[in-house]
Amino acid sequence: MESDHISVMIADDHPLLRSGITAVLTANPRFSVVCQAEDGISAVELHRRWRPDVTLMDLQMPGMNGIEATRTIRQLDPEARVVILTTFAGDVQVTRALKAGAVGYLLKNTAPEALGDCIVSVHAGRRALPPVVAASLVDSFQLDALSKREVEVLRLVSGGNSNQRVAAQLGLREDTIKAHMKAILQKLDARDRTHAVMIAIRRGYWEN
């Protein structure tokens with residue numbers, strides 16, 4: 001039988017955001033914020049101590065990011081319900097979070113009512129993905145994923161490096177870098193190198 005009361009942990013390195021979410025949740029008698037973490041390492045330790053029903057986990061935190069913390073928490077407690085709370089909607093990050101064991105993914109501009117609905121939903125055993133995030137995830141299945149090497153090449157290109165310089169840094173031939181860039185442009189349906197970098201950042205291969 002589903003409990004009427006839901007305990008919540010908030011893990012985010014921004015104190016104002018933690019206090020804002022706490023104020024929203026504590027206004028509803030169904031929720032109680034039992035602990036707050038300012039980084040991934042403390043999130044793991046506090047989860048071990050408090051065993052909250054639902055954890056709201058920031059994606060980017062110092063020391064240990066939200067995906068690593070989620071993975072560790074799920075290893076400690078396979079029944080843990082973790083919702084990634086972030087400003088980032090890239091499909092690659094969504095996929096990584098879900099693979100790490102997250103059961104929900106919310107953007108930080110989510111309305112208070114939607115936040116509460118999400119917590120109730122995942123506590124009841126369901127997954128929660130807002131439409132914009134779900135759409136990006138569906139779209140990603142229609143796109144070819146970049147390989148680890150292609151991401152490496154594109155990140156170096158994003159720093160303004162020429163093919164020759166990228167080749168030197170990676171210990172590869174310049175022709176090989178040209179081939180990688182051709183494949184990257186095709187996979188991302190990008191017009192040029194700058195467009196490819198913008199698409200890769202938007203999809204979450206890395207943050208700008």
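Because the structure is a prediction, the values reported are computed rather than measured.
In this structure, CG in L154 is found 8.5 Å from CZ in R193, a value given to the nearest 0.5 Å. Rounding to the nearest 0.5 angstrom, the gap separating the CG atom in D175 from the CG atom in N163 is 9.5 Å. The CG atom of L59 sits 5.0 Å away from the OH atom of Y105 when rounded to the nearest 0.5 Å. Here OG1 of T87 is found 9.0 Å from CG of N109. Values are rounded to the nearest 0.5 Å. With rounding to the nearest 0.5 Å, the separation of CD1 in I119 from CG in L56 is 4.5 Å. Annotation: the span from R126 atom CZ to C118 atom SG amounts to 10.5 Å, rounded to 0.5 Å.
Listed by chain and residue number, R51 satisfy the salt bridge (Lys or Arg N to Asp or Glu O under 4.0 Å) test with D77 (two or more places apart in sequence, or in another chain). By the salt bridge (Lys or Arg N to Asp or Glu O under 4.0 Å) test, D192 pairs with no residue at all, sequence neighbours left out. E38 meets the salt bridge (Lys or Arg N to Asp or Glu O under 4.0 Å) test with no other residue; sequence neighbours excluded. For the salt bridge (Lys or Arg N to Asp or Glu O under 4.0 Å) test, residues two or more places apart in sequence or in another chain that qualify with R149 are E152.
Side chain of E45 to main chain of S42: no donor-acceptor pair is present (N/O by atom type, distance under 3.5 Å, no hydrogens or angles). The main-chain N or O of L156 is found under 3.5 Å from a side-chain atom of N161 such that the two form a donor-acceptor pair. Checked by atom type and distance alone, the side chain of H195 pairs as donor or acceptor with a backbone atom of R191 at under 3.5 Å. The closest donor-acceptor contact from the side chain of R165 to the backbone of G160 lies at 3.5 Å or more, if one exists at all.
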Take L85 and D58, measure what side-chain contact (heavy atoms from CB on, under 4.5 Å) needs, and give me the verdict at the end.
-> CA-CA 5 Å; L85 189 63; D58 187 21; 5.9 Å; no
Worked verdict on K178 versus K182 for side-chain contact (heavy atoms from CB on, under 4.5 Å) | CA-CA 6 Å; K178 289 180 179 179; K182 182 178 180 181; over 6 Å; no
Please lay out, stage by stage, how L46 and R49 fare under the test side-chain contact (heavy atoms from CB on, under 4.5 Å).
-> CA-CA 5 Å; L46 288 172; R49 186 186 311 169; 3.9 Å; yes
Kindly indicate, with the supporting measurements, whether the criterion side-chain contact (heavy atoms from CB on, under 4.5 Å) is fulfilled by R48 and V44.
-> CA-CA 6 Å; R48 191 198 312 268; V44 172; 4.1 Å; yes
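The minimum heavy-atom distance linking S147 with K187 is given by the pair N-NZ, 4.2 Å. Residues L188 and A196 share a closest heavy-atom pair of CD1-O, 3.5 Å. Across all their heavy atoms, A97 and I84 have their closest contact at CB-CG1, 3.6 Å. Between P62 and D39, the closest heavy-atom pair is O-CB, 3.4 Å. Across V120 and F31, no two heavy atoms sit closer than the pair CG2-CZ, 3.8 Å.
A 6.0 Å sphere centred on CD of Q164 holds no more than 12 heavy atoms belonging to other residues, nucleotides or ligands. Annotation: M198, atom CE; neighbour count of heavy atoms from other residues, nucleotides and ligands within 6.0 Å does not exceed 12.
Residues V151 and V197 share a single hydrophobic cluster, defined by chaining ILVMFWY side chains whose heavy atoms lie under 4.5 Å apart. When hydrophobic clusters are built by joining Ile, Leu, Val, Met, Phe, Trp and Tyr residues whose side-chain heavy atoms come closer than 4.5 Å, directly or via intermediates, M57 is grouped together with L98. When the side chains of ILVMFWY residues are joined at heavy-atom separations under 4.5 Å, either directly or via intervening members, L185 and L172 end up in two distinct hydrophobic clusters.
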Can you give each donor-acceptor pair under 3.5 Å made by side-chain atoms of residues 68-75, sequence neighbours left out, with the distance rounded to 0.1 Å?
| from | atom 1 | to | atom 2 | distance (Å) |
| --- | --- | --- | --- | --- |
| E68 | OE1 | N65 | N | 3.4 |
| T70 | OG1 | G66 | O | 2.7 |
| T72 | OG1 | E68 | O | 3.0 |
| R74 | NE | G101 | O | 3.4 |
| R74 | NH1 | P78 | O | 2.8 |
| R74 | NH1 | A80 | O | 3.1 |

Could you go through residues 6-27 and list every donor-acceptor pair under 3.5 Å that involves a side-chain atom there, pairing it with any protein atom two or more places apart or in another chain?
| from | atom 1 | to | atom 2 | distance (Å) |
| --- | --- | --- | --- | --- |
| S7 | OG | D53 | N | 2.9 |
| S7 | OG | D53 | OD2 | 3.2 |
| D12 | OD1 | H14 | N | 2.8 |
| D12 | OD1 | H14 | ND1 | 3.3 |
| D12 | OD2 | K108 | NZ | 2.9 |
| R18 | NE | Q36 | OE1 | 3.2 |
| R18 | NH1 | D12 | O | 2.6 |
| S19 | OG | P15 | O | 3.2 |
| S19 | OG | L16 | O | 2.9 |
| T22 | OG1 | R18 | O | 2.8 |
| T22 | OG1 | Q36 | NE2 | 3.3 |
| T26 | OG1 | T22 | O | 2.7 |
| T26 | OG1 | A23 | O | 3.4 |

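Side-chain contact between V166 and V157 is present, with at least one heavy-atom pair separated by less than 4.5 Å.
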